[in-house]
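Lettering follows sequence order; numbering is per chain, from 1.
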Amino acid sequence: MSDNKAITTRAADFSAWYNELIMRAELADYSPVRGCMVIRPNGYAIWEQMQANLDRMFKETGVQNAYFPLFIPQSFLAKEAEHVEGFAPEVAVVTHAGGKLLDEPLIVRPTSETIIGSMMSKWIQSYRDLPLLLNQWCNVVRWELRTRLFLRTTEFLWQEGHTAHASEAEAEAETLQMLAVYRKFQEDFLAIPVVTGRKTESEKFAGALRTYGLEGLMQDNKALQLGTSHNLGQNFAKAFDITFQSAEGSMDHVWGTSWGSTTRMIGGVIMTHGDDNGLICPPLLAQWQVVVVPIHKTDTERAQVLEAADRLAKDLRATGLRVHVDSREGIKPGAKYYEWEGRGVPFRLEIGPRDLANGTTMMARRTGGGKTSLPLAGLADVLHREIETMQRFLLDAARERREAGSLRHPKSKQEFIDFIEGGGGFVYAGWCGDPAVEAEIKEVTKATIRVLPDAEFRTGDAPTRCIWTGREAVAEAIWARAY
RNA sequence: CGGGGCGUAGCGCAGCCUGGUAGCGCGCUUGCUUCGGGAGCAAGAGGUCCCGGGUUCAAAUCCCGGCGCCCCGACCA
């Protein structure tokens, strides 16, 4: 009847595969409130690794962490015209508290530009107060119509950076610097090859001057935005009266940026690397990089093997590896292998009587390739190298897949349409810059311009004509259907 | 909000058409044997059949009305 042991394959139903993988790996669960999710320990551990590494990278650029409140006066939202238009429809509003109707409703933050802007206006007087580089790790709420675990939930966790600068050039430099930080993080840790670039007017952040984004291509050839970095210009500075006196004595509004990345990145990791057996977690993000499975028959063997396993784990941990010994009784080794594979653990070590006699252990990689017998001596060094190799392997494999799923410079509008309709990925083509054309392409193909890619991602010969209208192209654009 | 699907044990489902003792697989508990790729046997525990009305001697099953969830679309990180 129903086979409870295997999850739906990616080929059969990608969405079902994604959901079942999350349940099987115990990354998350549905909450009693529609659209919200519970992040379970296995999923939260991945988020903690993301946080720890991103946080360190932010701080290396001089950013400090702070915390701003969940509740924001409703009137704040309305102070920036585009901002309110963009966010008002999806904001949750608190109208009652303490058993009374509130004088002014409070919104639950969908993002914190407004409240941070209001505080910055108190804190900044002089060019000597600039730049002000802040970040906060928090939750935000956006009342989305349709939700998907990790990819889009009513409440989600993220970090939002907010900075203020003395000049437009400095703000632009900060915006691009953080885009580069995200890119490095996503390539080095998530092993997701992202394409960076500028967002079009229709896709930019509500209230920004310019938005830059990072896009990954998932295994179903749909694009996933994995982070954004906005140059806010003076929009919020003017709305919240954030001014400073320059060295020359003149008064000016500050130039702002904001940049964010979310728990959606976990969904990106799943859909980039996962296979039909479950999650494949890049080692640098894994809660457990190595799981040790002891193998034994008799009680005597059990005692000896467990002792050896614990000693091995201790030695490996001393070198910085995250190691778990699965010493549960009554579960056969094979069952443990399947369980840890489903959870995406990168490396498995089997240690049994034969290994004890030989001073070896059997190592298996989550990415395949069978088992290898390795000497216990020098094992930590081997594993550290294996981690590097696996990170690179995952990134390279994902990049190859992305390129294989991309179409550069279709010859005709029809080729463009056929490629998208046929389930293709990124299409690189010329665009005339007309928002009406962008909208029409979306209407016809459901594909949107993900980014106007940065130079290194563009195709050799720049397209001279718009793929849709034949008019002169103002830029090469990347189209795809997106999450 | 439009379209589709589904609510029965912790999970996955059958039973419903044709009303009559609530079942199967997995999981869980206990014991014995197993243990280098999802163990076997035995004995158990576990249910407001989504909710509310109606029809009937009798409703998981038929009728009416709700509610919830998932998937596809529009909005979006």
Q | Residue matched to B:rA74 through Watson-Crick or wobble contacts both under 3.5 angstrom | A | none

**Q.** Sequence-distant partners of A:W259, side-chain hydrogen bond (donor to acceptor under 3.5 Å, both in side chains), two or more places apart
**A.** A:T257

Q. Nearest of B:rC70, B:rC75, B:rG37 to any side-chain atom of A:N19?
A. B:rC70

Q. Please give, in whole Å, the distance from B:rC11 P to A:I22 CD1?
A. 18 Å

Q: Fit a plane to each ring of A:F416 and A:W468, take the angle between them on a 0 to 90° scale, and name the class: parallel (under 30°), tilted (30 to 60°) or perpendicular (over 60°).
A: perpendicular

Q | B:rC69: pairing nucleotide in any strand, Watson-Crick or G-U under 3.5 angstrom | A | B:rG5

(Q) Can you pull out every ring-ring contact (aromatic ring centres under 6.0 Å, His included) where at least one residue sits in residues 347-366 of chain A? Sequence neighbours excluded, please. (A) none

Q: Go through B:rC75, B:rA39, B:rG37 for me and flag the one nearest to the A:K442 side chain.
A: B:rC75

Q | Nearest-nucleotide 5' precedence on RNA chain B, A:D13 against A:G330 | A | A:G330

Q. Tell me: CD of A:E20 to P of B:rG12, nearest whole Å?
A. 10 Å

Q: In whole angstrom, give me the gap between the C1' atoms of B:rU56 and B:rC50.
A: 23 Å

Q: Find the distance A:D29:CG to B:rC69:P and express it as a whole number of Å.
A: 14 Å

(Q) Between P on B:rG73 and CZ on A:R148, what's the gap in Å once rounded to a whole number? (A) 9 Å

Q: Rounded off to whole Å, could you give me the CH2-to-C1' distance for the A:W17 and B:rC70 pair?
A: 18 Å

Q) Which residues pass the side-chain contact (heavy atoms from CB on, under 4.5 Å) test with A:E187, sequence neighbours left out? A) A:R183, A:L395, A:R399

Q) Please give, in whole Å, the distance from B:rC1 P to A:E90 CD? A) 18 Å

Q: Please identify each residue that fulfils side-chain contact (heavy atoms from CB on, under 4.5 Å) with A:V382, with sequence neighbours left out.
A: A:L374, A:R385, A:E386

Q: Test A:W479 against A:Y428 for ring-ring contact (aromatic ring centres under 6.0 Å, His included), laying out the working first.
A: CA-CA 7 Å; A:W479 275 272; A:Y428 295 69; over 10 Å; no

Q: Round to the nearest Å and state the distance from A:K446 atom NZ to B:rC75 atom P.
A: 12 Å

Q: Fit a plane to each ring of A:F156 and A:W158, take the angle between them on a 0 to 90° scale, and name the class: parallel (under 30°), tilted (30 to 60°) or perpendicular (over 60°).
A: perpendicular

**Q.** Close residues, residues 337-361 of chain A, relative to RNA chain B [heavy-atom separation under 4.0 Å]
**A.** A:Y337, A:Y338, A:E341, A:R348, A:E350, A:G352, A:P353, A:R354, A:D355

Q) When the P atoms of B:rC26 and B:rC41 are considered, how many whole Å apart are they? A) 10 Å

Q) Contact class for A:K336 vs. all strands (heavy atom < 4.0 Å): base, sugar-phosphate, or nothing? A) nothing

Q: Using the test side-chain contact (heavy atoms from CB on, under 4.5 Å), find all partners of A:E155 that sit at least two apart in sequence or belong to another chain.
A: A:N139, A:V141

Q: Tell me what A:T154 touches on the nucleic acid: a base, only sugar-phosphate, or nothing, going by heavy atoms under 4.0 Å.
A: nothing

Q: Sort out the partner of B:rA60 for me: Watson-Crick or G-U wobble, both distances under 3.5 Å, none otherwise.
A: none

Q. What is the nucleic acid contact for A:L151, judged by heavy atoms within less than 4.0 Å: base, sugar-phosphate only, or nothing?
A. base

Q) After noting the C-alpha distance and the side-chain angles of A:F236 and A:H83, does the key distance pass the ring-ring contact (aromatic ring centres under 6.0 Å, His included) rule? A) CA-CA 9 Å; A:F236 286 90; A:H83 196 63; 5.0 Å; yes

**Q.** C1' atoms of B:rC49 and B:rC6, separation to the nearest Å
**A.** 14 Å

(Q) Please give me every residue in residues 182-212 of chain A whose heavy atoms get under 4.0 Å of an atom in RNA chain B, ordered by residue number. (A) none

List, one per line, each side-chain donor-acceptor pair under 3.5 Å for residues 326-334 of chain A, sequence neighbours excluded.
unit_1 : atom_1 : unit_2 : atom_2 : d
A:D326 : OD1    : A:R328 : N      : 3.4
A:D326 : OD1    : A:R328 : NE     : 2.8
A:D326 : OD2    : A:R328 : NH2    : 2.8
A:D326 : OD2    : A:W340 : NE1    : 2.8
A:R328 : NH1    : A:E339 : OE1    : 3.4
A:R328 : NH1    : A:E339 : OE2    : 3.4
A:R328 : NH2    : A:E339 : OE1    : 3.3
A:R328 : NH2    : A:E339 : OE2    : 3.4
A:E329 : OE2    : A:R302 : NH2    : 3.2

Q) How far, in whole Å, is B:rG66 from B:rG7 if one measures between their C1' atoms? A) 14 Å

Q. Where along residues 294-316 of chain A does a heavy atom fall under 4.0 Å from RNA chain B?
A. A:I295, A:H296, A:K297

Q. Taking a pair as Watson-Crick or G-U wobble with both distances under 3.5 Å, which nucleotide is matched to B:rG12?
A. B:rC24

Q) Reckon A:Y30 touches a base, only the sugar-phosphate, or nothing at all at heavy-atom distances under 4.0 Å? A) sugar-phosphate

Q) In Watson-Crick or G-U wobble terms, both distances under 3.5 Å, what is the partner of B:rG47? A) none

Q. With sugar-phosphate meaning primed atoms plus P, OP1 and OP2, does A:S15 contact a base, only sugar-phosphate, or nothing at under 4.0 Å between heavy atoms?
A. sugar-phosphate

(Q) Please determine whether ring-ring contact (aromatic ring centres under 6.0 Å, His included) holds for the pair A:F240 and A:F76, giving the CA-CA distance in whole Å, both sets of side-chain angles, and the decisive distance to 0.1 Å. (A) CA-CA 9 Å; A:F240 288 90; A:F76 278 27; 5.6 Å; yes

**Q.** Atom P, compared across B:rG27 and B:rG12: separation rounded to whole Å
**A.** 15 Å

Q: Report yes if at least one side-chain N or O of A:K332 is closer than 4.0 Å to OP1 or OP2 of B:rG36; otherwise report no.
A: yes

**Q.** Partner residues of A:S31 under the side-chain contact (heavy atoms from CB on, under 4.5 Å) criterion, sequence neighbours left out
**A.** A:V33, A:C36, A:V38

Q.
Rounding to an integer number of angstrom, what distance separates B:rG47 and B:rC1 when you compare their C1' atoms?
A. 36 Å

Q | Residues forming a salt bridge (charged side-chain N to carboxylate O under 4.0 Å, His left out) with A:E301, sequence neighbours excluded | A | none

Q) In the strands shown, is B:rG31 matched to any nucleotide by a Watson-Crick or G-U wobble pair with both distances under 3.5 Å, and which? A) B:rC41

Q) Quantified in whole Å, what is the P atom distance between nucleotide B:rA43 and nucleotide B:rG25? A) 13 Å

Q: For A:R10, check side-chain hydrogen bond (donor to acceptor under 3.5 Å, both in side chains) against everything at least two apart and list the hits.
A: A:Q219, A:D276

Q: Report which part of the nucleic acid A:E144 touches: base, sugar-phosphate, or nothing (heavy-atom distance under 4.0 Å, all strands).
A: base

Q: Begin from the C-alpha positions of A:F87 and A:F205 and carry the test ring-ring contact (aromatic ring centres under 6.0 Å, His included) through to its verdict.
A: CA-CA 10 Å; A:F87 280 104; A:F205 177 74; 5.6 Å; yes

Q. With a 4.0 Å cut-off on heavy atoms, is A:M362 in touch with a base, just the backbone sugar-phosphate, or nothing at all?
A. base

Q | C1'-based separation of B:rG5 from B:rA59 [nearest Å] | A | 25 Å

